[in-house]
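Lettering follows sequence order; numbering is per chain, from 1.
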Amino acid sequence: MNKLELKRREKLQQIQQLGIDPYGGRFPDTEPAQAVKNRYQDQQEGQRARCAGRIVLLRDIGKLIFITLRDSSGTIQLGLSNKLLADQWELVKRLELGDLVGAEGMLGKTKTGEITIWVERLTLLGKALLPPPEKFHGLADVDLRYRRRYVDLWANPEVMQRFLTRSAMLSSIRSFLEERGFIEVETPMMQTTVGGAAARPFITHHNTLDIDLYLRIAPELFLKRLLVGGMEKIFEINRSFRNEGLSTRHNPEFTMMELYQAYADYHDMMDLTESLVDFLIQKHCSSRQLPFGQMEIDWSRPWQRRRYADLLKEYAGCDIEDPNAIRAKARQLGIDETQMDDAVVINEVFEATVESHLVNPTFVLDYPAALCPLTRPSKADPRYAERFELYVGTMELANAYTELNDPDIQEANFRRQLKGQNAEESMARMDEDFIMALKYGMPPAGGLGIGIDRLIMLLTNAVSIRDVILFPLLKPAPAGRPAEETENEESASS
RNA sequence: GGAGGCGUAGCUCAGCAGGUAGAGCAACGGCCUUUUAAGCCGUAGGUCCUGGGUUCGAGUCCCAGCGCCUUCACCA
């Protein structure tokens, strides 16, 4: 336990000796700090206020103490004078940065015009035993910010703001979809077979049944079963899990919004995606021109719709129907294409040459059918699948299909493995029950998945996915670093 | 896994021509009833990530390891 904590524990004891519970209790009828400031009007008598929050600044002038109190809405100044609080002065003098307090009193302004609650009654609601980070710079150590997000959130208001925006956007997504007749459903996160995406799953074990289960990599195959069941417009805001590397754009658990609409196709999904995102921008962003790291993204509608083959031609310089040219390009890019199917090579070349150019929102459409085992092939040219991916800021943001509803083709696709993709990397994994569901008849449908974390990144200018996930996955804290936590664990278990 | 950067007080950061460690905030003692990152006087605080090496002497140079960030690989 460090020295600063010991000092604070001394104060804790002193406060307890005054007969005060340092951890407070119910403190009803408070008002957000920001609301108090907004409603305050000069020259009106008798205005009172009651707030609760954390002490983030404290200026002790002797018989007068000014406190900046922060709650989730903002900050407000408390004025504590030893005249008004004579009977509580022993407590007041022991307040320190980080403590949680409730306060009630008359509203007024100081000489300098700061709206201030002149406190008549102060309640300690939670003693802070650990010192807060530096008051001006906040918490800057990236590792500590993620590990102790609970500190990051109140020490760095812009962090709080970003997560509030995330919540507001999630809420807007729901209302947008519900207004259009979509209903929200929940499907299993623990699955006996995985499917719907190409990724390695996490494996866990159910003791009573004595079977291994997989954490879902996508909800797709269950949501389509609901189409068979007669639900026509559904969505799931889902946490999915992929046992892959971590990066600024990948967290092993991430949030996706998947939706399905019966009797629609991927063109409907494009329109829906564009409307939904534009709705969010109008509601939550200042402009349709938004910075993202070094980039400037123009979200103005309509968004570009480009064929996969055309982009490949433009940026890789080769014709999608000329396998030799594409293989030559692949070799030039340093890709070992000898053991790969044509479609896999095409995909490798596309990713290496095209993606980094897609800054403004761009629908990439009509993927090689071989890459899309869950997608309906185009009627006009079955070599291509009715699929699009939406790229923004060089990231894949959304993925959508006209869903394949022919059980025989689906079964054949599940059995076909492409060379150059091992079973783990493939979307084609047999799911007998899903085939059975299709045999009962699934309506033609459009399906869409949007990476919510990445969407929030783009709309709040966060270049790392860890900045939009409250508790991103981290290695366990190295032993010895947070000494106080090790001790807490010991005392908690005893 | 490869490459680059970083690791110094509770926090934010200085320190490099190699000579045994500094500031601000926080803390502690004092003064102060209108402060705004309050101010003033004073005090205390360090395994300079860890382990080796070079050197009379290492926070500083070298090697190895650990952790974090970025990037590449991987990953729709």
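Taking atom C1' on both rG51(B) and rG19(B), the two are 24 Å apart, rounded to the nearest angstrom. Separation of the P atoms belonging to rG45(B) and rA64(B) is 37 Å when rounded to the nearest angstrom. rU20(B) and rC63(B) have their P atoms separated by 25 Å, given to the nearest Å. The gap from the C1' atom of rG15(B) to that of rC6(B) amounts to 16 Å, rounded to the nearest Å. To the nearest whole angstrom, the two P atoms, one in rA58(B) and one in rC72(B), are 40 Å apart. Comparing rC49(B) with rC11(B), their P atoms sit 13 Å apart, to the nearest whole Å. Atom name C1', nucleotides rU34(B) and rG39(B): the rounded distance is 13 Å, in whole Å.
Across all strands shown, rC68(B) forms a Watson-Crick or G-U wobble pair with rG5(B), both key distances being under 3.5 Å. For rA17(B), there is no paired nucleotide, since no Watson-Crick or G-U wobble pair has both relevant distances below 3.5 Å. Nucleotide rC31(B) forms a Watson-Crick or G-U wobble pair with rG39(B), both donor-acceptor distances falling under 3.5 Å. Base pairing annotation: rA58(B) forms no Watson-Crick or G-U wobble pair, as no partner gives both donor-acceptor distances under 3.5 Å. With a cut-off of 3.5 Å on both Watson-Crick or G-U wobble distances, the partner of rA23(B) is given as rU12(B). In this structure, rG51(B) and rC63(B) make a Watson-Crick or G-U wobble pair, each of the two defining distances being under 3.5 angstrom.
Within 4.0 Å of Gly79(A), counting heavy atoms only, lies no atom of the nucleic acid at all. Looking at heavy-atom distances under 4.0 Å, Lys109(A) makes no contact with the nucleic acid at all. Using a 4.0 Å heavy-atom distance criterion, Leu57(A) is classed as a sugar-phosphate-only contact. Within the nucleic acid shown, Glu351(A) has no heavy atom closer than 4.0 Å to any nucleic acid atom. Heavy atoms of Leu97(A) sit under 4.0 angstrom from primed sugar atoms or phosphate atoms, though from no base atom. Residue contacts shown for Arg145(A) are absent, as no nucleic acid heavy atom lies under 4.0 Å away.
Looking at Arg387(A), its side chain never comes within 3.5 Å of a backbone N or O of Cys372(A) through a donor-acceptor pair.
For rC75(B), the base has a donor-acceptor partner in the side chain of His250(A) [N/O atoms by modelled type, under 3.5 angstrom]. Between the side chain of Ser81(A) and the base of rU33(B) there is no donor-acceptor pair of N/O atoms closer than 3.5 Å. A donor-acceptor contact under 3.5 angstrom links the side-chain atoms of Gln77(A) to the base of rU35(B).
If you measure from atom CG of Asp152(A) to atom P of rC68(B), you get 17 Å, rounded to the nearest angstrom. Atoms CG (Asp141(A)) and P (rA26(B)) sit 20 Å apart, rounded to a whole Å. For Leu58(A) and rA38(B), the CG to P distance is 8 Å, given to the nearest whole Å.
Aromatic ring orientation, Tyr315(A) versus His357(A): parallel (interplanar angle below 30°, classes split at 30° and 60°).
Close to rC69(B), at under 4.0 Å from its OP1 or OP2, lies no side-chain N or O of Thr248(A).
Thr375(A) places none of its side-chain heavy atoms less than 4.5 Å from the side chain of Tyr367(A).
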